[in-house]
Each structure stands twice: as structure tokens, then as C-alpha cells.
Amino acid sequence: MKKIFISLFVVACALSYSCKNEGSKHKIEKQDMNGPEYTSKYICPMHCKGSGSENPGVCPVCQMDYELRE
Ligand SMILES: [Zn+2]
């Protein structure tokens, strides 16, 4: 009986952990919208991480030309 209780507890922990994980993942995606790959004057059309510049150029990640953000 005790064993069943423990395994239920473990399952509940795993479920709440995965829910928490998904929530923080969502938060990170929202934060990414405020990154330089979105807010720079010139941005990569693919919004690659680490891209974005105040000057025209090429994305260092996917090699696409930066687009002027309007
Ligand atoms: Zn890119």
C-alpha cells in the first residue's frame, strides 16, 4: 500500500514539473520577442538568435540579408 502511495507521489511530482517547465518555456519565448533579433534597426527575416544590427549586413546564423525593420 505504501509503495502505491509513493509511486502516485512521484507521478504527481513529474506532472507538476513538466507543467512548470512549459510555463517557463513560454516566458522565454515572450522575452525573445524583445531581443536584438527583433528590435534592432536591421533584423534577420528568420529572427535568428544573436542576429540584428544597427547597420545593414548579413545574419551570422543563416547568412540571409538583414531587412530594415519598419
Ligand atoms: Zn538569420
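Every number for a ligand or one of its atoms is a count from 1 in the order of the listing.
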Worksheet item: For Pro60 and Tyr66, which heavy atoms make the closest approach, and how far apart are they?
Response: CD-OH, 3.4 Å
Worksheet item: Can you list the protein N, O or S atoms less than 2.8 Å from the Zn ion (ligand 1)?
Response: Cys44 SG, Cys48 SG, Cys59 SG, Cys62 SG
Fill in: Nearest non-hydrogen partners of Glu54 and Lys41, listed with the distance
OE2-N, 3.4 Å
Worksheet item: Which other residues end up in the same hydrophobic cluster as Val58, if Ile, Leu, Val, Met, Phe, Trp and Tyr are linked when side-chain heavy atoms come under 4.5 Å apart?
Response: none
Fill in: Which atom of Gly50 lies closest to which atom of Glu37, heavy atoms considered
N-OE1, 4.2 Å
Worksheet item: Which pair of non-hydrogen atoms, one from Asp65 and one from Pro45, has the smallest distance, and what is that distance?
Response: O-CD, 3.5 Å
Worksheet item: With a 4.5 Å heavy-atom cut-off, do Ser40 and Ser53 have their side chains touching?
Response: no
